[in-house]
Chemist: 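Here it is, the structure, as structure tokens.
All of these numbers come straight from a predicted model, not from anything done at the bench.
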Amino acid sequence: MQACHDLVVGGYELVCVSALRAEFTQARLQNLKTLGFPIEIVVATGNDVTQLSPKASVIEKLKPVAFVDDFLPYHRGVPHGVHKALIRREENGSPNVGPELENVNSQHLNLREFANWWLAGGAVKSMFTGGKT
């Protein structure tokens, strides 16, 4: 949670794009607020993963600087120009392995690590190394 607060202090607005049904949007928002996350907007997408992530069209409309998710298939179809950061899961039984890893711009052990890296200018640095970290 502190990582989220640090990103907000750093000037970023956080939006939760969640692969859940629309009727659960308010419940997710309330849960995040109860837990102390600095998030005011939740967008529900449903969870049908096909050739594209169910989140891709929402990300295209929001035009964020970064999309951070812990499920590799949700990065499918996220537009170029949006930094795609993958929060790694355990590899045993995880969908976060294989050739699709080439589609993300950075990988991190957890959100804290991503926030530290991002706020330290890691995304800018990665542009000069081919976008991979």
Chemist: Do any N or O atoms from the side chain of Asn105 and from the backbone of Lys84 form a donor-acceptor pair under 3.5 angstrom?
Modeler: yes
Chemist: Just distance, no hydrogens or angles: give the donor-acceptor pairs under 3.5 Å from side chains in residues 58-73, sequence neighbours left out.
Modeler:
| unit_1 | atom_1 | unit_2 | atom_2 | d |
| --- | --- | --- | --- | --- |
| Lys63 | NZ | Glu60 | O | 3.2 |
| Asp69 | OD1 | Phe71 | N | 2.9 |
| Asp69 | OD2 | Lys55 | NZ | 2.5 |

Chemist: Could you tell me which non-hydrogen atom of Ala44 sits nearest to which non-hydrogen atom of Thr25, and how far apart they are?
Modeler: CB-OG1, 3.3 Å
Chemist: How would you list, by chain and number, every residue that makes a side-chain contact (heavy atoms from CB on, under 4.5 Å) with Gln26, sequence neighbours excluded?
Modeler: Leu29
Chemist: Verify the distance criterion only: is there a donor paired with an acceptor across the side chains of His75 and Ser53 at less than 3.5 Å?
Modeler: no
Chemist: Ignoring hydrogens, what is the shortest heavy-atom contact between Asn110 and Glu113? Give both atom names and the distance.
Modeler: OD1-N, 2.7 Å
Chemist: Could you state the interatomic distance from SG (Cys16) to CD1 (Ile41), rounded to the nearest 0.5 Å?
Modeler: 11.0 Å
Chemist: With sequence neighbours left out, write down each residue that passes side chain to side chain donor-acceptor pair (under 3.5 Å) with Ser18, or none if nothing qualifies.
Modeler: Arg28
Chemist: Going by atom type alone, with no hydrogens or angles, which donor-acceptor pairs under 3.5 Å involve a side-chain atom of residues 6-15 and a protein atom two or more places apart or on another chain?
Modeler:
| unit_1 | atom_1 | unit_2 | atom_2 | d |
| --- | --- | --- | --- | --- |
| Asp6 | OD1 | Gln2 | NE2 | 2.8 |
| Asp6 | OD2 | Arg112 | NH1 | 2.9 |
| Asp6 | OD2 | Arg112 | NH2 | 2.8 |
| Tyr12 | OH | Trp118 | NE1 | 3.1 |

Chemist: Which salt bridge (Lys or Arg N to Asp or Glu O under 4.0 Å) pairs, counting each pair once, include a residue from residues 37-47, with sequence neighbours left out?
Modeler: Lys33-Glu40
Chemist: Taking atom OG of Ser106 and atom CZ of Phe114, what is their separation to the nearest 0.5 Å?
Modeler: 6.0 Å
Chemist: Let me confirm one number: the CG-CG distance from Asn116 to Leu111, rounded to the nearest 0.5 Å.
Modeler: 9.5 Å
Chemist: Please write out which residues are connected to Phe24 in a hydrophobic cluster, directly or through intermediates, given that two of Ile, Leu, Val, Met, Phe, Trp, Tyr count as joined at side-chain heavy-atom separations below 4.5 angstrom.
Modeler: Leu20
Chemist: Testing the basics here: between Leu52 and Gly77, what is the closest heavy-atom pair and its distance to 0.1 Å?
Modeler: CD2-CA, 3.4 Å
Chemist: Listed by chain and number, what are the salt bridge (charged side-chain N to carboxylate O under 4.0 Å, His left out) partners of Glu100, not counting sequence neighbours?
Modeler: Arg76
Chemist: Would a single hydrophobic cluster contain both Leu109 and Trp117, if residues Ile, Leu, Val, Met, Phe, Trp and Tyr are joined by side-chain heavy-atom contacts under 4.5 Å?
Modeler: no
Chemist: So which heavy atom on Leu101 is nearest to which on Val97, and how close?
Modeler: CD1-CA, 4.0 Å
Chemist: Residues two or more places apart in sequence or in another chain: which of them pass salt bridge (charged side-chain N to carboxylate O under 4.0 Å, His left out) with Arg21?
Modeler: Glu23
